[in-house]
There are 2 protein chains.
Amino acid sequence: MSVQGSHGHSHTKSQQSLRLTKGAKKVLEVLERTDELSSAQDIHGALRNEEESPPGLTTVYRSLESLVQLGLVQAVDFGDGERRYEMVKPGEHHHHLVCEKCRNSVHLDQCLVQQLEESIQAKYKFEVRGHILEIFGLCEECQKAVAPAGKK
Amino acid sequence: MSVQGSHGHSHTKSQQSLRLTKGAKKVLEVLERTDELSSAQDIHGALRNEEESPPGLTTVYRSLESLVQLGLVQAVDFGDGERRYEMVKPGEHHHHLVCEKCRNSVHLDQCLVQQLEESIQAKYKFEVRGHILEIFGLCEECQKAVAPAGKK
DNA sequence: GTGGCGAATGAAAACCGTTTTCATTCTGAA
DNA sequence: TTCAGAATGAAAACGGTTTTCATTCGCCAC
């Protein structure tokens with residue numbers, strides 16, 4: 001994901017429902033029950049299939065923006081030109097191990113950068129405010145699928 | 001930067017000059033004397049200013065692709081929708097501390113992911129093949145410029 | 001040298017995710 | 001009920017990148 005220090009989290013369940021836009025609520029609902037990362041268009045597509053009057057793509061983008069702002073959703077960039085989103089524990093973030101074969105992803109349970117933040121700060125005199133980190137490779141299942149077949 | 005395991009480095013100075021396209025050579029020249037990251041359009045612009053018959057944008061893109069393939073250049077993605085490039089020691093890679101204020105960047109002298117690769121592999125049974133990692137914040141100079149002014 | 005063929009090149013069009021614009025509709029406070 | 005600001009949507013604009021396709025280049029065989 002990508003992290004940017006400044007957040008303004010001060011949300012409770014009730015506050016959320018209060019401040020969230022109609023569109024944002026629908027978007028959040030989709031993300032709530034999706035465990036894989038979703039692009040704006042994925043979300044838009046999902047809503048088109050289940051809502052009588054689904055929000056437009058523009059609204060989905062705007063909703064995502066405010067949800068990210070609120071710290072309820074994180075945006076992830078794999079460098080393929082398509083941003084993906086997923087719910088997070090408010091104000092938290094995490095990174096992924098992304099399988100290049102099946103495209104599924106696993107969450108890293110701790111942030112490698114945060115751990116090293118102080119040492120970076122000390123060594124480079126650089127004030128860390130955000131970072132992006134994603135790891136690509138093969139998940140356990142796909143390793144099995146590849147190896148026995150004989151390496152190409 | 002973004003790393004993808006598979007490379008086919010087997011280059012010597014002479015081999016390079018042999019296999020490199022005319023356009024690729026010009027692109028490499030620009031990157032050779034630029035210490036900051038350059039976008040395709042930056043490179044194209046630079047060449048337009050100094051070459052009699054500069055390569056077209058398309059050729060710049062194609063050249064960059066093959067240079068990355070050869071391991072002579074790395075592509076870096078900051079998640080802002082514009083890819084940037086820079087020369088690297090053949091086959092190596094590095095990540096950046098990018099100042100959000102002045103936009104300059106410093107190289108990390110070691111890769112945080114490679115250090116942890118084995119433990120990730122062991123813990124998650126995930127075969128690491130590549131990764132992206134960039135850190136954003138304030139460089140030393142820009143910290144000074146901000147702090148004395150009083151925090152907003 | 002000359003013919004010929006695949007690689008390289010360039011201009012323009014296509015792509016595609018995202019952002020803007022702008023007019024319309026909704027919502028909540030007065 | 002009225003009104004102003006927020007939310008929404010459709011369509012256009014954007015911007016970096018990739019494709020397409022016709023042309024030119026470079027090099028080997030003859």
Side-chain angles (χ1 to χ4, degrees), chain A residues 1-2 4 14-30 37-49 51-70 72-86 103 132 134, chain B residues 1-2 4 15-30 37-49 51-70 73-86 103 132 134:
Chain A
M1 77 146 316
S2 76
Q4 283 301 319
S14 53
Q15 280 181 317
Q16 282 174 33
S17 32
L18 281 180
R19 49 170 36 88
L20 285 189
T21 266
K22 201 179 307 178
K25 277 180 204 155
K26 292 182 186 171
V27 168
L28 197 53
E29 273 171 37
V30 173
L37 293 154
S38 309
S39 69
Q41 327 234 11
D42 289 341
I43 296 166
H44 182 235
L47 287 170
R48 298 199 97 208
N49 290 334
E51 291 278 333
E52 355 53 59
S53 63
L57 228 204
T58 314
T59 297
V60 171
Y61 275 108
R62 284 190 278 233
S63 300
L64 287 169
E65 188 184 347
S66 64
L67 290 169
V68 168
Q69 199 66 25
L70 289 170
L72 301 176
V73 167
Q74 75 175 1
V76 181
D77 200 310
F78 289 163
D80 66 348
E82 186 164 17
R83 222 160 317 175
R84 280 157 241 264
Y85 301 86
E86 71 183 332
R103 287 279 118 192
I132 59 180
E134 303 299 334
Chain B
M1 78 143 315
S2 76
Q4 282 303 318
Q15 279 180 320
Q16 283 176 31
S17 32
L18 280 180
R19 48 172 36 86
L20 286 189
T21 265
K22 201 179 306 179
K25 277 179 203 156
K26 292 183 187 171
V27 167
L28 197 52
E29 274 171 38
V30 172
L37 293 154
S38 309
S39 69
Q41 326 234 13
D42 289 340
I43 296 166
H44 181 236
L47 287 169
R48 299 199 97 208
N49 289 334
E51 290 278 331
E52 355 55 56
S53 63
L57 228 202
T58 314
T59 297
V60 171
Y61 275 109
R62 283 190 279 233
S63 299
L64 286 169
E65 188 185 348
S66 64
L67 290 169
V68 169
Q69 199 65 27
L70 289 170
V73 167
Q74 76 175 2
V76 181
D77 201 309
F78 289 162
D80 67 347
E82 184 165 19
R83 221 159 321 175
R84 281 155 241 264
Y85 301 86
E86 71 184 331
R103 289 278 117 194
I132 58 181
E134 303 299 334

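- Under 4.0 angstrom from either OP1 or OP2 of C:dA8 there lies at least one side-chain N or O belonging to B:T21.
- Annotation: side chain of B:L20 is in contact with side chain of B:L67 (closest heavy-atom distance under 4.5 Å).
- Toward the 5' end of DNA chain D, the nearer of the two residues B:K22 and B:R83, judged by each one's closest nucleotide, is B:R83.
- The nearest whole Å value for the distance from the CG atom in A:D80 to the C1' atom in D:dT18 is 15 Å.
- In this entry the distance linking CG of B:L64 with P of D:dT18 reads 10 Å, nearest Å.
- Straight-line distance from the CG atom of A:L20 to the P atom of D:dA6: 17 Å, rounded to whole Å.
- A residue-by-residue look at A:L57 and B:Y61 shows that A:L57 has its nearest nucleotide of DNA chain D further toward the 5' end.
- A sub-4.0 Å separation between OP1 or OP2 of C:dG17 and a side-chain N or O of A:Q41 is present.
- Under the 4.5 Å side-chain criterion, counting only non-hydrogen atoms from C-beta, B:R19 is in contact with B:L70.
- For the pair B:R19 CZ and D:dC27 P, the computed distance is 15 Å after rounding to whole Å.
- The distance from atom CD1 of B:I43 to atom P of D:dG16 is 14 Å, rounded to the nearest whole Å.
- Side-chain contact between A:D42 and A:S39 is present, with heavy atoms from C-beta onward closer than 4.5 Å.
- Between A:Y85 and A:V27, the closest side-chain pair of non-hydrogen atoms is not below 4.5 Å.
- We find that CD of A:E65 is positioned 13 Å from C1' of D:dA7, with the value rounded to whole Å.
- Between A:Q69 atom CD and D:dA7 atom P the separation is 13 Å, expressed in whole Å.
- Between the C1' atom of C:dC16 and the NE2 atom of A:H44 lies a distance of 15 Å, rounded to the nearest Å.
- Contacts of A:R62 with the nucleic acid, taken as non-hydrogen atoms under 4.0 Å apart, include base atoms.
- The shortest side-chain heavy-atom distance between A:L47 and A:H44 does not fall under the 4.5 Å cut-off.
- Closest contact between the side chain of A:T58 and the listed nucleotides D:dA11, C:dT18, D:dT20 involves D:dA11.
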